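In what follows, every heavy atom counts, from backbone to side chain, and hydrogens, waters and symmetry copies are set aside. Letters A, B, ... mirror the listed sequences (proteins, then strands); counts begin at 1. In this text, all values refer to a predicted model and were calculated from it rather than measured experimentally.
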Amino acid sequence: MNAFARPLVIEGEGLGFSYGNRQILQELDVRVGKAEILTIMGPSGCGKTTLLRLMVGLARPQSGSLKVLGEDYSRMDEDDMNRFRHRLGMCFQFGALLNSLPIYDNLALPLRERWKSPPESLVSLVVRSKLAMVGLLGTESLLPSELSGGMRKRAGLARALMLDPELLFFDEPTSGLDPVTAADLDRTVLELRRRLQTTMVVVTHDLASAWRISDRILVLLHGRIAVQGTREEIENCSDPEVQAFIQRESPARRQSLAGGFLDDYFEIESGT
Amino acid sequence: MTHGATVRQGAGPGEYSLEGTLDLEAALRLSREPLEGEFLRIDLGALQGFTGSGAAYLLDLIRRFGPHIRFTRVPADLVEYLRELPTPELVSAQPLDEALEEQPFIETAGSGWIEFVRSARFFLALALEFLYWAVLAPLRGQRLRLGRWITEVNRVGIDAIPIVGLISLLIGIILALNAASQLVNYGAEKFTADLVSIALARELSPVITAVLVAGRSGSAITAEIATMVVTEEMDALRVMGINPRAFIVVPKLLALTAALPVLGVLSVLVGIGGGFGIAVWVLNLPFDLYWNATVHALEMTDILLGVLKSIVFGALIGLTAATLGLRVTGGSSGVGKVTTTAVVTAFFLIIIFNTFFTYLFFALDF
Ligand SMILES: Nc1ncnc2c1ncn2[C@@H]1O[C@H](COP(=O)(O)OP(=O)(O)OP(=O)(O)O)[C@@H](O)[C@H]1O
Ligand SMILES: [Mg+2]
């Protein structure tokens, strides 16, 4: 299906970002259509989290323009931003639960802050149903420090779902999860899209999961988009680094296999 | 049995052979041994085994001797191992200095000032925002987070009572003993009561409580806020549309500004009690005389000035903690650093502002 037949939810053009004088992202054009699932892939440190942070407005691009759900962040002040963010959800790489609150209160927080004193009986139902979605029913009274890394992450997802966001961002949702739980999570993602038409941007290292859930994949290399498109488009991409990435081979290794560097110095023992 | 590799001089000039197991320990030892010759030929045929760090020694030799070195009879598994590495990059990369983690002096000094100015601006902005949240927001019907506030008051105020009480008692005793021993020279020991009560109410109690709270709670608040920044909890709040300063920082600031005056007054009372005990039981001053002198000496303004100071000190402690905590960089080591800085900065600000207030009240003749 063609994503651009739908209204655009994210429109980024020429996005650039740097920490000090280290350029992290440059000249990125990103578009995501309504109810589309876009995955962002790329080696560690290539700027995936940074790109997500730009899209949720936790960081501002130093160049280029960005519109999310039709809104231009650069024209919004902090209060506008806080009101707007009820339409977004984000799952952080390490969960980012509030450590001082039990899981129940962590999840109830967005509800309680959005609507002043909502009826507790409803809150508890919403909280429990979201916990059930991520398979964490029964952990309500535990503190985040009493959960495992993968459980914290799933609790983070449950919290991001509390306000039924139109747009969801995931930072490596499946890393640190066992394959069965990871597949469950993928099913949750697809289910969300089917039922609520939620648009999702997922950063992942998990190729299998990326093939399962995404409409389109964007491969980020050295702060630039190396390629974006459907599975076939990615698989047919001629860029050797992209190929190395999707075939799970380190480019460094390929390079040294190709180069004759070692032969200049090492004479292999003959006969053995 | 394997043993650390040794190097042995071969027949011709620049000919060597390595024998034994090339591990880290051997690599460290060998890299101190001089190898001489125009062109080095190193025979690895007698090598019994190697580790990754041992193989790095060979790359280091390539780095040092460039094209003037060659390894012969290299075991196949060693070559296989090296093929896995980006050897050209490894060899061409410059060695890093040990001083890498210590930043150049000039740069740090300069950026220190810039950082200071930025922090100061942040501090002032936060102070204004705090005034908004504490004064204007409730009038506009915005919610004050009473539950969170009570939790914080407990941690900052109630839990501090024992230590503040104990220290104040001791200060009262010290003051009374010192005052009496000086005043007795002028036959004025009955003024001990005046000195103790006024010094406590106007100066010592506000400063002592503030310093204790800065050490106890200022540090804890800084560490808590900084940790929340580092673990992305603050970002998570922002993504949920919650202003982290209103949600996390303001209740702590309100608790500090409410708890400090109360602790301060408590400290005055306990301190006077300590002085009283010394005066009556050690210095043998008459009970009524001391009591009447205290009641006479202490005016409402003294108490109020002390309370005013306490409120300001509470705000200073909270704003310092929040400023440094929210601006933390550099992971868990950054948390430790800002926590120390926050305590020292708070002490410093408390003393500076105390001097300023005392001078102001002196000039205004309060
Ligand atoms: N606070 C920061 N200050 C300076 N540089 C940073 C900071 N945060 C990230 N970087 C740098 O920005 C680059 C991109 O980081 P980012 O976190 O976006 O990577 P990533 O693609 O999410 O990696 P991973 O897959 O490991 O999570 C990295 O090279 C990192 O060193
Ligand atoms: Mg990341």
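- Side-chain contact between B:Phe247 and A:Leu98 is present, with heavy atoms from C-beta onward closer than 4.5 Å.
- Listed by sequence position, A:Glu78, A:Asn82, A:Arg85, A:His86, A:Leu88, A:Gly89, A:Met90 are the residues of residues 71-90 of chain A in contact with chain B, using a 4.5 angstrom heavy-atom cutoff.
- Here the CG atom belonging to A:Leu262 is positioned 8.0 Å from the CG atom belonging to B:Leu59, to the nearest 0.5 angstrom.
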Problem - Trace of the side-chain contact (heavy atoms from CB on, under 4.5 Å) decision for A:Leu109 with B:Leu237 - result: CA-CA 9 Å; A:Leu109 186 65; B:Leu237 283 173; 3.8 Å; yes

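- Between A:Asp263 and B:Arg70, the shortest heavy-atom contact is O-NH2, 3.7 Å.
- Heavy-atom pairs under 4.5 Å with chain A peak, among B:Met234, B:Met240, B:Arg238, B:Glu224, at B:Arg238.
- Other residues, nucleotides and ligands contribute at most 12 non-hydrogen atoms within 6.0 Å of the CD atom of B:Glu38.
- When all heavy atoms of A:Ala96 and B:Ala236 are compared, the closest pair comes out as O-CB, 3.5 Å.
- Residues A:Phe169 and B:Val239 have side chains not in contact (no heavy-atom distance under 4.5 Å, counting atoms from C-beta outward).
- Other residues, nucleotides and ligands place more than 12 heavy atoms under 6.0 Å from the CZ atom of B:Arg64.
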Handout entry: Stepwise side-chain contact (heavy atoms from CB on, under 4.5 Å) check, B:Leu58 with A:Tyr265
Key = CA-CA 10 Å; B:Leu58 304 182; A:Tyr265 296 95; over 6 Å; no

Compile the donor-acceptor pairs under 3.5 Å between side chains in residues 225-233 of chain B and protein atoms, sequence neighbours left out, one pair per line.
| unit_1 | atom_1 | unit_2 | atom_2 | d |
| --- | --- | --- | --- | --- |
| B:Thr227 | OG1 | B:Ala223 | O | 2.6 |
| B:Thr231 | OG1 | B:Thr227 | O | 2.9 |
| B:Thr231 | OG1 | B:Glu233 | OE2 | 3.0 |
| B:Glu233 | OE1 | A:Asn99 | N | 3.2 |
| B:Glu233 | OE2 | A:Asn99 | ND2 | 3.0 |

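- Put simply, the side chain of B:Arg73 never gets that close to the backbone of A:Glu267: no donor and acceptor are under 3.5 Å apart.
- Counting heavy atoms of neighbouring residues, nucleotides and ligands inside a 6.0 Å radius, atom CZ of A:Arg60 exceeds 12 of them.
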Practice task
Show your reasoning for whether side-chain contact (heavy atoms from CB on, under 4.5 Å) applies to B:Asp235 and A:Val56.
Solution key: CA-CA 10 Å; B:Asp235 289 336; A:Val56 285; over 6 Å; no

